[in-house]
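Heads up, the thing below is written out as structure tokens.
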Amino acid sequence: MSIVSASKTPQSDAAASWRTRDSIAVALLAAASLVIGWTLFAHFVRPHADFFEFRESGRALLAGHLPPTMKRAPVYPLVVAIGGRFCDMAGVRRLPADQYAAAALIAFLWTPLCVVLVYVLARRWSRGWAPIAALGALLLPQAWLAAAHTLVEPMLVALTLASLAAVQRRRFKLAYFAAMLASMTRYDAAGLLAAVACAEWLCGSPLRRVAARFCLACVPLALWLGLSAWTWQDRARDHYLAQMAEHAAEDRLRFDWKWTVRAALGVASGYDAIQTPTWMSAAPFRVTEILRAAFVLILGGSLIVGLRRRDPTMIAALIGLLGYLAVHAIFPFRFERFLLIPAVALWPLSAVGAAAVAAAVCKFQPVSQALVLAIAMGCGLVGLKGELGVLRTAWSELDGGEIVRWCAATTVTAAISVLATTSMRGRTWRSLIAVAAAATTAGAVALADLRTVRPLLGAYQPDNGLVAAASWVRDELPADAQVLSGVGGLLSLYSGDDRPRFPAFEDLRGETWDEIRAECADRGIEYILWYDEIFAEQGDYYVAKWRLPRFGTLCQPNPPGVRVVKRFSMPPATTVFVLTPAPPPAPASASSSSGDAARDIGPDAGGSPPPSSPRRYP
């Protein structure tokens, strides 16, 4: 009995208490992630445009062939292809098997893993702030958008955080492996390999061992890039390096580090302007500006503390993030989702700065402490009041899924605030006010994040005009019918046919509408898939690359030389047409009656039948 009593010390009791709190926090965060993932699953029934190249590459690699283009790194395509094979064997019917696999992997695996890894990383630096850091990463609007789409970002975030977590625990073999997988998931993460090597060197490993492990971890990426160079003539379609070379040749390549840093901080802070009362509209500083300034201050404190301590994990994160940001400062395509990786990584790093700022505030005189806490509490209460007012007004417009999201976020915020309260060592009035200020601010930011997510996601649409058109092409057209479109990947996904029978707009050489019609007749292209918003959706780059203005005739109310076979109009989605082109009339011998027939255009599926009557296939 005495031995047992002696083994129980205050230190062991404190460690057990911390383990209990950690378990509760991880369980809450994982549960919230699963709820959010469930509500976001297949939110966009039409996959993201990048998904089709992932699917195409993964299927080719799984079959033992090189993909048609070496643009994409191989890890995520293989994950999607293998998952799709299992889903197909399981008889998945709600979505195409590959799409279902990608959506499920993102919604139910990578997002919870990312949040838990943020907590694990932050816990080593500051136990009290780890739940807040994980909550901040969980509620980022761009993270929700990536989880709702079939995108690679959640997997890349998880691999980056896993590599840093392995560095933090001095498991460098695992850190190199995760960094290698990240670089083979997307090339812009290659700087993480150098970051791990630098961290291992800082930990005292011999330089020879560091160099050997670094070179070994770089072998897969080097082999893949070498294979890309060897097959460049045949498999460089739309490659990133080719796109950058095009921009450099046109003197449009710029190193814009200001935009990259500003965008990364914007994605990391996440929230839109927090709602404030009207009497604050003339204030020189808004609550949002104060919060963002505080976030930058906390990150600056993290950087200073990490460099002073020569913390290998902090330095590895800094090197990896700087390398990633440098790539996107020069990359010609700029989307905020590309900055999700550094944005999520900044949240566990912020725990160090938050703890340092809190320690600095505690050193102030009681009057100064009271002033700082009063400002923080006031900002939190004002923001929370404004957000609750917006929520009360909009509650009747929310659907069931949105209500689940709002309730889950509010519940998790309250639970984590309780955990933060119990983790405070002292029970003084200052510590309690600090926790209350953090809780109200976290609640305001959580609700503002969700309000920002709403326009990004839009209302759930179980139907989409292009998806309906792809299903109709599969069910109604002959199995060998060629359909000209800008969504060949979607048609291939829904038809389950990987044969090259869906030519793209850029494949046609004709410059005039008559030349295009003649080329369609020569190549046996019987159908054209067209929709209203194709110019706005594709953007300037692909409009120019595909030479879409050649098809401007199809935007007219009654385009010449085509018939409408089927129309899909699903507001607020675009109106999609399946058209069949008639060959241009002969110069002199063509009769006027045949020319008039070619210009006839039916109003809907009940219009004139196409030249080749479609057959229904079961």
Side-chain angles (χ1 to χ4, degrees), residues 114 117-127 129-130 133-134 136-137 156-183 188-218 221 257 260-261 264-265 268 295-329 339-357 359-360:
C114 291
L117 284 171
V118 169
Y119 181 87
V120 168
L121 272 170
R123 182 185 60 181
R124 285 291 184 98
W125 286 319
S126 174
R127 286 183 179 271
W129 290 96
L156 189 56
V157 171
L159 290 173
T160 302
L161 295 176
S163 181
L164 294 177
V167 169
Q168 195 178 53
R169 283 155 180 76
R170 307 298 186 262
R171 297 178 181 176
F172 289 105
K173 291 181 181 179
L174 183 59
Y176 279 115
F177 182 71
M180 181 271 294
L181 288 179
S183 67
D188 50 6
L192 193 58
L193 291 165
V196 174
C198 182
E200 186 182 14
W201 178 69
L202 287 174
C203 289
S205 293
L207 188 58
R208 181 178 299 177
R209 179 192 299 174
V210 173
R213 288 182 175 178
F214 172 73
C215 292
L216 185 62
C218 290
L221 181 61
W257 63 271
T260 308
V261 173
L265 290 174
F295 188 70
V296 173
L297 176 65
I298 287 171
L299 288 175
S302 298
L303 180 61
I304 294 172
V305 172
L307 292 177
R308 286 183 61 185
R309 295 177 182 172
R310 297 189 66 187
D311 187 318
T313 311
M314 292 282 292
I315 294 175
L318 181 62
I319 293 173
L321 294 182
L322 287 178
Y324 186 91
L325 293 176
V327 171
H328 286 278
L339 282 310
L340 180 62
I341 289 85
V344 174
L346 288 177
W347 276 95
L349 299 181
S350 69
V352 181
V357 170

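Any value given below was found using the heavy atoms of this structure, including those in side chains, with hydrogens, waters and symmetry copies removed.
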Item checked: Validation row: L346, L321 side chains within 4.5 angstrom (heavy atoms) -> yes
Next item on the list: Measure the CD1-CD1 distance between I319 and I315 for me, rounded to the nearest 0.5 Å.
Entry: 7.0 Å
Next item on the list: Taking all non-hydrogen atoms of both residues into account, name the closest pair between A189 and A182 and its distance.
Entry: CB-O, 3.7 Å
Check: What is the minimum heavy-atom distance between A268 and F295, and which atoms define it?
Finding: CB-CE2, 3.8 Å
Check: Taking only residues two or more places apart in sequence or in another chain, which ones pass ring-ring contact (aromatic ring centres under 6.0 Å, His included) with W125?
Finding: none
Item checked: Interatomic distance, L161 atom CG to L164 atom CG [nearest 0.5 angstrom] -> 6.5 Å
Item checked: salt bridge (Lys or Arg N to Asp or Glu O under 4.0 Å) pairs, two or more places apart, involving residues 162-176 -> none
Note to self: So, using salt bridge (Lys or Arg N to Asp or Glu O under 4.0 Å) as the criterion, who are the partners of D188 when residues are at least two apart?
What the structure shows: R186
Margin query: According to side chain to side chain contact (heavy atoms under 4.5 Å, CB included), who are the partners of A130, at least two apart in sequence or on a separate chain?
Written below: Y119, A122, R123
Item checked: Interatomic distance, L297 atom CG to S350 atom OG [nearest 0.5 angstrom] -> 11.5 Å
Item checked: Candidate pair L299 and L303, rule side-chain contact (heavy atoms from CB on, under 4.5 Å), full reasoning -> CA-CA 6 Å; L299 288 175; L303 180 61; over 6 Å; no
Item checked: With V296 via side chain to side chain contact (heavy atoms under 4.5 Å, CB included) - residues at least two apart -> L265
Next item on the list: Heavy atoms only: give me the nearest A162-L117 pair and the separation to one decimal.
Entry: N-CD1, 3.8 Å
What donor-acceptor contacts under 3.5 angstrom involve side-chain atoms of residues 199-212, with partners at least two apart or in another chain?
unit_1	atom_1	unit_2	atom_2	d
E200	OE1	Y176	OH	2.8
E200	OE2	R213	NH1	2.7

Next item on the list: Would you please name every residue forming a side chain to side chain contact (heavy atoms under 4.5 Å, CB included) with L340, sequence neighbours left out?
Entry: L140, Q142, A143, A146, E153, V157, V267, V344
Next item on the list: Provide the closest heavy-atom pair for T260 versus A329 in the form atom of the first, atom of the second, distance.
Entry: OG1-CA, 3.2 Å
Note to self: Looking at every heavy atom in both A197 and F214, which two are closest together, and how far apart are they?
What the structure shows: CB-CD1, 3.9 Å
Item checked: Test item: S163 side-chain N/O and L159 main-chain N/O as donor-acceptor pair under 3.5 Å -> no
Item checked: Spacing of CZ belonging to R124 relative to CG belonging to D311, to within rounding of 0.5 Å -> 11.0 Å
Item checked: Pairwise distance CG(L349) to CD1(I298) - rounded to 0.5 angstrom -> 12.5 Å
Checklist line | Qualifying residues under side chain to side chain contact (heavy atoms under 4.5 Å, CB included), relative to A190, sequence neighbours excluded | finding: S183, L221
Checklist line | Side chains of M314 and L307 in contact at under 4.5 Å (non-hydrogen atoms) | finding: no
Margin query: Give me the atom names and distance for the closest heavy-atom approach of G353 to S302.
Written below: N-OG, 2.6 Å
